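Predicted model, so just to flag it, every value in this text is computed and none were measured.
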Amino acid sequence: MNEDSRHAGNAVLLRSAALWLLAALLSAWCLVGMKLGLAPVKMVFPGKTSHLLQAHIDFLLMSALLFGIYAAKRRSPPTCAGAWR
């Protein structure tokens with residue numbers, strides 16, 4: 001697989017950050033559903049709304065961390081995958 005030199009080998013960081021951002025968006029919509037009192041959402045997330053809010057903030061912080069590491073344009077270290085073959 002050919003890598004684009006602009007990504008400096010860290011395309012995985014971009015993909016994972018995008019997934020964490022999607023998880024944050026999903027948790028935000030679940031928070032809206034909890035506040036509106038939707039029964040299916042309350043069945044999936046029983047308990048306090050504050051736990052879902054903490055998860056939402058964690059998802060946002062994790063995506064920001066991954067985007068920041070990607071923006072630093074540091075090359076990721078080589079993996080040991082070739083050593084196991």
Distance (rounded to the nearest 0.5 Å) between Asp58 CG and Leu65 CG
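Rounded to the nearest 0.5 Å, the CG-CG separation comes out at 12.0 Å.
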
Roughly how far apart are Tyr70 OH and Arg15 CZ, rounded to 0.5 Å?
10.5 Å

For residues 37-49, the side chain to side chain donor-acceptor pair (under 3.5 Å) pairs (sequence neighbours left out) are none

Hey, quick one: are [X] and [Y] part of the same hydrophobic cluster, counting side-chain heavy atoms closer than 4.5 Å, chains of contacts allowed?
{"X": "Leu14", "Y": "Leu22", "value": "no"}
{"X": "Leu52", "Y": "Phe59", "value": "no"}
{"X": "Val44", "Y": "Leu38", "value": "yes"}

Listed by chain and number, what are the side-chain contact (heavy atoms from CB on, under 4.5 Å) partners of Leu61, not counting sequence neighbours?
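With sequence neighbours excluded, Leu61 shows a side-chain contact (heavy atoms from CB on, under 4.5 Å) to Ile57, given in chain and number order.
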
Contacts of Leu21 that satisfy side-chain contact (heavy atoms from CB on, under 4.5 Å) - sequence neighbours left out
Leu60, Ser63, Phe67

Using the ring-ring contact (aromatic ring centres under 6.0 Å, His included) rule, collect all pairs that involve residues 36-55, keeping only residues at least two apart or in two chains.
none

Can you give the donor-acceptor pairs under 3.5 Å from side chains of residues 23-34 to other protein atoms, not counting sequence neighbours?
| residue | atom | partner | partner atom | Å |
| --- | --- | --- | --- | --- |
| Ser27 | OG | Ala23 | O | 3.3 |
| Ser27 | OG | Ala24 | O | 2.9 |
| Ser27 | OG | His56 | ND1 | 3.0 |

